[in-house]
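Heads up: the structure comes next, in structure tokens.
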There are 2 protein chains.
Amino acid sequence: MSTQKMGLRELKKQQTRENISHQATRLFLEHGFDKVTIADVAEAAQVAKMTVTNYFPRKEDLVFDLGEEFVQSLARTVRRRAPGESVLASLRRAYLAAVAEHDPVIGFSGPAFARMIDASPALTARLREFHDEREKALADALATETGAGPDDILPRVAAAQLGGVHRLLFDETLRRTIAGQGDPEIAAVLTRYIDAAFGLLEPSLGGYAVRPTG
Amino acid sequence: MSTQKMGLRELKKQQTRENISHQATRLFLEHGFDKVTIADVAEAAQVAKMTVTNYFPRKEDLVFDLGEEFVQSLARTVRRRAPGESVLASLRRAYLAAVAEHDPVIGFSGPAFARMIDASPALTARLREFHDEREKALADALATETGAGPDDILPRVAAAQLGGVHRLLFDETLRRTIAGQGDPEIAAVLTRYIDAAFGLLEPSLGGYAVRPTG
DNA sequence: CCTAAATTTAGAATCAACCTAGTAATATGT
DNA sequence: ACATATTACTAGGTTGATTCTAAATTTAGG
């Protein structure tokens, strides 16, 4: 990931990718996602169109740099939860922490970015896909953690409920950001919403998949 | 909706639309969604390409004829629930009924159709969008039913949980259909899954939005 | 029959996505 | 250091969904 142990070739690839991504983001925020073509991005980054497509197979990928991090976030939180902690408690704790630091991964991406996503059906669809992947990753983690079989539906139901809450709060963060509210204000509201949403899940999931102590 | 009180023009439009949809479905099931072009559909239906696009703005719309029905189904069930019945109970009852009659709207669409969707990222994405619209429609219905304000998140959390379960069961139906299981067999499994999934929601949502008696 | 409105058509333009063959740069083995 | 194999990049073209236009056709309503 870092520049450690990286040859000249890897370094240049990193630079090319970053340059393309940077130019694309700049153009998208300036003119809107749909108004900027792949050719525009290629020209701004001084590379061939094909090079843009090589690094970012879909145009939407130019926007969501944190996609992989986003997809893995819930599954990772669950896997790393402390002994004696339930899945629900670990996710709630992690979410509160992310809210406190205005983490972009939960939606604190700034007004321009939020507007750009909201204005583009293609980006909204891609975001939906990420939510889906994240839920699937969580379901897999839950199945592994609880030793459930492939036909056991409980991990998937739990993942749907938990993923649903996270998606909801993400959308709310975006919505309020677009409405012009500041991050601290949104964070305050989210804290209350977290209590309502996770609190509702407490009776059904509070005792689910508590990691054994020791 | 019916052919009642319909002039010649409306009738022909209906026929044109049905013809296009029918030819498209036939071609898609035969060759796969991605292998058939809009031009192919237009040629088979003996109309101009533009006419296909006029009736079905997106290529995916040629496939999902029951889309609007699908989107409204949960909200309508909730609005029509009996006095004294909770939202959760009404949805559970409606789902069991749909399973019993192998309703296409919950995923009983036949192996060829299921495979077609599964094989096409565009159709999968469109289906995701429908799930999303359905959840939003349900959230609106719940907000109206409970007289919740626009900043009340409870209806949206409930809709996310309920919509999540429905999406899960839909996907499971598709998955098993693709795996070659017959409708009766799938219906039997679903009945058990319904108990597990709705049962898990019982403690959190069992008392939510019970319609007043009288 | 005649005119207005709606529908359908043919044709072109745009652009994302994909493909291919060739060129340039880097890495590797001697 | 040099030759050769890999890998990255480029240039150019193809496909197909989507959008737009103006013209032709069809229907509705006098």
Side-chain angles (χ1 to χ4, degrees), chain A residues 3-25 27-28 31-64 116-117 119-127 129, chain B residues 3-25 27-28 31-64 116 119-126 129:
Chain A
T3 52
Q4 299 295 84
K5 210 161 179 289
M6 189 178 285
L8 178 57
R9 170 160 276 163
E10 285 299 312
L11 184 69
K12 285 208 167 186
K13 276 176 68 175
Q14 201 88 7
Q15 287 174 345
T16 301
R17 162 179 267 272
E18 298 241 323
N19 181 34
I20 293 172
S21 173
H22 181 260
Q23 295 298 331
T25 301
L27 290 172
F28 289 154
H31 304 110
F33 183 73
D34 297 322
K35 291 293 174 67
V36 178
T37 68
I38 302 272
D40 293 335
V41 174
E43 189 184 351
Q46 303 261 274
V47 296
K49 278 182 298 180
M50 228 8 249
T51 303
V52 175
T53 298
N54 280 338
Y55 281 100
F56 304 92
R58 285 185 282 182
K59 192 185 175 189
E60 301 90 88
D61 294 339
L62 283 161
V63 170
F64 296 112
M116 174 180 70
I117 293 176
S120 162
L123 291 179
T124 304
R126 186 66 178 106
L127 189 53
E129 202 177 335
Chain B
T3 53
Q4 299 294 84
K5 213 164 179 289
M6 189 178 284
L8 178 57
R9 172 160 277 164
E10 286 299 313
L11 184 68
K12 284 210 166 185
K13 276 176 68 174
Q14 201 87 7
Q15 286 175 344
T16 302
R17 161 180 268 272
E18 298 241 323
N19 181 34
I20 292 171
S21 174
H22 180 260
Q23 295 297 332
T25 302
L27 289 172
F28 289 155
H31 304 111
F33 183 73
D34 297 322
K35 291 292 174 67
V36 178
T37 69
I38 301 274
D40 293 336
V41 174
E43 188 184 352
Q46 302 260 277
V47 296
K49 277 183 298 180
M50 203 50 219
T51 303
V52 175
T53 299
N54 280 338
Y55 281 101
F56 304 93
R58 285 183 280 179
K59 191 185 175 189
E60 301 89 270
D61 294 338
L62 284 162
V63 169
F64 296 111
M116 175 180 67
S120 163
L123 290 179
T124 303
R126 186 67 179 106
E129 203 177 335

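Only heavy atoms go into these numbers, but all of them, side chains included; no hydrogens, no water, no symmetry mates. The shown structure was predicted, so the numbers you read here are calculated from the model rather than taken from an experiment. Below, chain A is the first sequence line, B the second, and so on; all start at residue 1.
- For Met50(B), the listed nucleotide lying nearest its side chain is dT21(D); candidates were dA17(C), dA11(D), dT21(D).
- A side chain to side chain contact (heavy atoms under 4.5 Å, CB included) with Lys59(A) holds for exactly one of Ile38(A), Thr37(A), Val41(A), Thr53(A); it is Ile38(A).
- Atom OG1 of residue Thr124(B) and atom CZ of residue Phe33(B) lie 10.0 Å apart, to the nearest 0.5 angstrom.
- When the C1' atom of dT26(C) is taken as reference, atom CG of Leu11(A) falls 12 Å away, rounded to whole Å.
- Across all strands shown, Thr37(B) has heavy atoms under 4.0 Å from sugar-phosphate atoms exclusively, and none from any base.
- Between the NZ atom of Lys12(B) and the P atom of dT27(D) there is a distance of 4 Å, rounded to whole Å.
- Phosphate contact (OP1/OP2 of dT8(C), side-chain N/O of Tyr55(B), threshold under 4.0 Å): present.
- In secondary-structure terms, DNA chain C builds stems of at least 3 consecutive Watson-Crick or G-U pairs, each pair having both distances under 3.5 Å, at C:1-30 with D:1-30.
- Val41(B) comes within 4.0 angstrom of nothing in the nucleic acid, heavy atoms only.
- Two residues are said to be in side-chain contact when any heavy atoms from C-beta on lie closer than 4.5 Å; Lys13(A) and Glu10(A) meet this criterion.
- Whole-Å rounding puts the Glu43(A) CD to dC15(C) P distance at 13 Å.
- Regarding Leu27(B), its CG atom lies at a distance of 14 Å from the P atom of dG16(D), rounded to whole Å.
- Residue side chain Arg58(A) does not reach the base of dA17(C) through any donor-acceptor N/O pair under 3.5 Å, judged by distance alone.
- Taking the side chain as every heavy atom from C-beta outward, Tyr55(A) and Leu62(A) never approach each other to under 4.5 Å.
- The stretch residues 16-23 of chain A does not touch DNA chain C, since none of its heavy atoms comes less than 4.0 Å from the strand.
- Atom P of nucleotide dC15(C) and atom NZ of Lys35(A) are separated by 11 Å, given to the nearest angstrom.
- Within the structure, a side-chain polar atom (N or O) of Lys13(B) is placed less than 4.0 Å from OP1 or OP2 of dT7(C).
- For Glu129(B), the CD atom counts as densely surrounded, since its 6.0 Å shell holds more than 12 non-hydrogen atoms of other residues, nucleotides or ligands.
- If you take CD of Gln46(B) and C1' of dT8(C), they are 14 Å apart, rounded to a whole angstrom.
- Note that CG of Asp40(B) and NZ of Lys49(B) are 11.0 Å apart. Values are rounded to the nearest 0.5 Å.
- To the nearest 0.5 Å, atom OG1 of residue Thr51(B) and atom CG of residue Asn19(B) are 11.0 Å apart.
- The Glu60(B) side chain lies nearest to dT18(D) when the options are dT10(D), dT9(C), dT18(D).
- Phosphate contact (OP1/OP2 of dT18(D), side-chain N/O of Lys59(B), threshold under 4.0 Å): absent.
- Taking atom CG of residue Asp61(B) and atom P of nucleotide dT18(D), one finds them 9 Å apart after rounding to whole Å.
- Side-chain atoms of Arg126(B) and Asp61(B), non-hydrogen and from C-beta on, do get closer than 4.5 Å to each other.
- Side-chain N/O atoms of Arg9(B) and base N/O atoms of dT7(C) include no donor-acceptor pair closer than 3.5 Å.
- Atom CD of Glu18(B) and atom OG1 of Thr25(B) lie 10.5 Å apart (nearest 0.5 Å).
- In this structure, the NZ atom of Lys49(A) is 12 Å from the P atom of dT14(D), given to the nearest Å.
- Expressed to the nearest 0.5 Å, how far CG of Asp34(A) lies from CE of Met116(A) amounts to 10.5 Å.
- When each of Ala39(A) and Glu10(A) is assigned the nucleotide of DNA chain C with its nearest heavy atom, Ala39(A) is the one assigned upstream, toward the 5' end.
- When heavy atoms are screened at a 4.0 angstrom cut-off, Val52(A) is found touching no nucleic acid atom at all.
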